[in-house]
Amino acid sequence: QVQLMESGGGSVQAGGSLRLSCAASGDTISNYCMGWFRQTPGKEREGVALAYSSGSRVSYSDSAKGRFTISRDNAENALYLQMNSLKPDDTAIYYCAAGPRRVSCSLVPLRPQSFDYWGQGTQVTVSS
């Protein structure tokens, strides 16, 4: 039973950067497909980025591609999201999530229903 906790959110101006962290406990994240999601009030939660258990393969939503970088440090049991060139539309609560244990990311679509474990979220606010 893995537990996740996000940190690193804050307020920045458009064009700025933030680095989000997700600390895991209770289990090693090498057992999981890991993802970042975000949610704006009134909108459904959407996938941002996905990282395979080894960290050798990653994928991104169209909006994140070219601006965000997902990475993991399995030795530190942590997941990261580097966000550059931030836009006001990036304003959301960002969540770290883990898929079913020992299931390949190739079998886990980047949608909330496919992920079993969630952090509490961290707020990101981007002003224009």
Side-chain angles (χ1 to χ4, degrees):
Q1 193 84 352
V2 67
Q3 295 118 282
L4 307 172
M5 184 177 296
E6 305 92 338
S7 62
S11 298
V12 296
Q13 293 228 71
S17 297
L18 283 173
R19 184 175 177 85
L20 306 184
S21 299
C22 173
S25 60
D27 200 1
T28 172
I29 62 169
S30 67
N31 286 323
Y32 301 91
C33 175
M34 300 294 296
W36 286 98
F37 293 77
R38 67 187 184 187
Q39 188 164 26
T40 301
K43 209 271 175 184
E44 68 179 11
R45 191 170 299 184
E46 64 177 352
V48 175
L50 185 72
Y52 279 59
S53 60
S54 69
S56 62
R57 188 181 299 182
V58 298
S59 65
Y60 300 94
S61 66
D62 289 341
S63 63
K65 208 168 300 180
R67 300 187 299 127
F68 294 2
T69 303
I70 187 171
S71 62
R72 62 162 76 208
D73 188 333
N74 287 339
E76 295 295 325
N77 222 22
L79 182 75
Y80 304 97
L81 185 68
Q82 178 67 46
M83 304 187 294
N84 298 326
S85 301
L86 283 162
K87 307 172 181 179
D89 284 350
D90 295 319
T91 296
I93 300 174
Y94 283 72
Y95 298 90
C96 170
R101 193 173 190 270
R102 302 292 291 169
V103 176
S104 170
C105 274
S106 67
L107 302 176
V108 183
L110 189 58
R111 62 183 189 180
Q113 301 95 312
S114 300
F115 285 74
D116 292 340
Y117 308 98
W118 295 86
Q120 83 288 351
T122 186
Q123 176 70 232
V124 170
T125 302
V126 185
S127 59
S128 60

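At a threshold of 4.5 Å between side-chain heavy atoms, the hydrophobic network of Ile, Leu, Val, Met, Phe, Trp and Tyr places Tyr32 and Val58 in one connected group. Under the 4.5 Å side-chain heavy-atom criterion for Ile, Leu, Val, Met, Phe, Trp and Tyr, Val2 and Leu20 are members of the same hydrophobic cluster. Taking hydrophobic clusters as Ile, Leu, Val, Met, Phe, Trp and Tyr residues chained together by side-chain heavy-atom distances below 4.5 Å, Val103 does not share a cluster with Leu4. Cluster annotation: Tyr80 is not connected to Tyr60 through the hydrophobic network of ILVMFWY side chains, with a link wherever side-chain heavy atoms come within less than 4.5 Å. Side-chain heavy atoms closer than 4.5 Å link hydrophobic residues (I, L, V, M, F, W, Y) into clusters, and following such links, even through other members, never connects Val108 to Tyr117.
What you find for Val48 and Leu81 is that their closest heavy atoms are CG1-CD2, 4.3 Å. When all heavy atoms of Thr40 and Thr91 are compared, the closest pair comes out as OG1-O, 3.1 Å. Residues Ile29 and Ala24 come closest through the heavy atom pair CG2-CB, 3.3 Å. Pro100 and Asp116 make their closest contact through CA-OD2, 3.3 Å (heavy atoms, listed as atom of the first residue, atom of the second, distance). Nearest heavy atoms, Ser17 versus Asn84: OG-OD1, 2.9 Å.
We find the CG-CD distance between Leu18 and Gln82 to be 8.5 Å, quoted to the nearest 0.5 Å. Considering SG of Cys22 and CG of Asn77, their distance stands at 9.0 Å, rounded to 0.5 Å. Here Ser59 contributes atom OG and Leu110 contributes atom CG; the two are 6.0 Å apart, rounded to the nearest 0.5 Å. The distance from atom CG of Asn74 to atom OG of Ser54, rounded to the nearest 0.5 Å, is 8.0 Å. Distance check, rounded to the nearest 0.5 Å: CE of Met34 to OG of Ser53 gives 11.0 Å.
By the salt bridge (charged side-chain N to carboxylate O under 4.0 Å, His left out) test, Arg57 is found to be paired with no residue, residues two or more places apart in sequence or in another chain being considered.
The closest side-chain heavy-atom distance from Trp118 to Pro112 is below 4.5 Å. At least one side-chain heavy atom of Arg101 sits under 4.5 Å from a side-chain heavy atom of Asp27.
Electrostatic pairing of Lys87 and Asp90 does not count as a salt bridge here, judged by no charged N lying under 4.0 Å from a carboxylate O.
A donor-acceptor contact closer than 3.5 angstrom links the side chains of Arg38 and Ser63.
Open room surrounds CD on Glu44; 12 or fewer heavy atoms of other groups in view lie less than 6.0 Å from it.
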Which side-chain N or O atoms in residues 6-14 pair as donor and acceptor under 3.5 Å with protein atoms at least two apart or in another chain?
{"residue": "Glu6", "atom": "OE1", "partner": "Gln120", "partner atom": "N", "Å": "2.9"}
{"residue": "Glu6", "atom": "OE1", "partner": "Gly121", "partner atom": "N", "Å": "2.8"}
{"residue": "Glu6", "atom": "OE2", "partner": "Cys96", "partner atom": "N", "Å": "2.7"}
{"residue": "Glu6", "atom": "OE2", "partner": "Gly121", "partner atom": "N", "Å": "3.3"}

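If you run ring pair (Phe, Tyr, Trp, His ring centres under 6.0 Å) between Phe115 and each of Tyr95, Phe37, Trp36, only Phe37 comes through. Partner of Leu50 under the side chain to side chain contact (heavy atoms under 4.5 Å, CB included) criterion, chosen from Pro109, Cys105, Ser114: Cys105.
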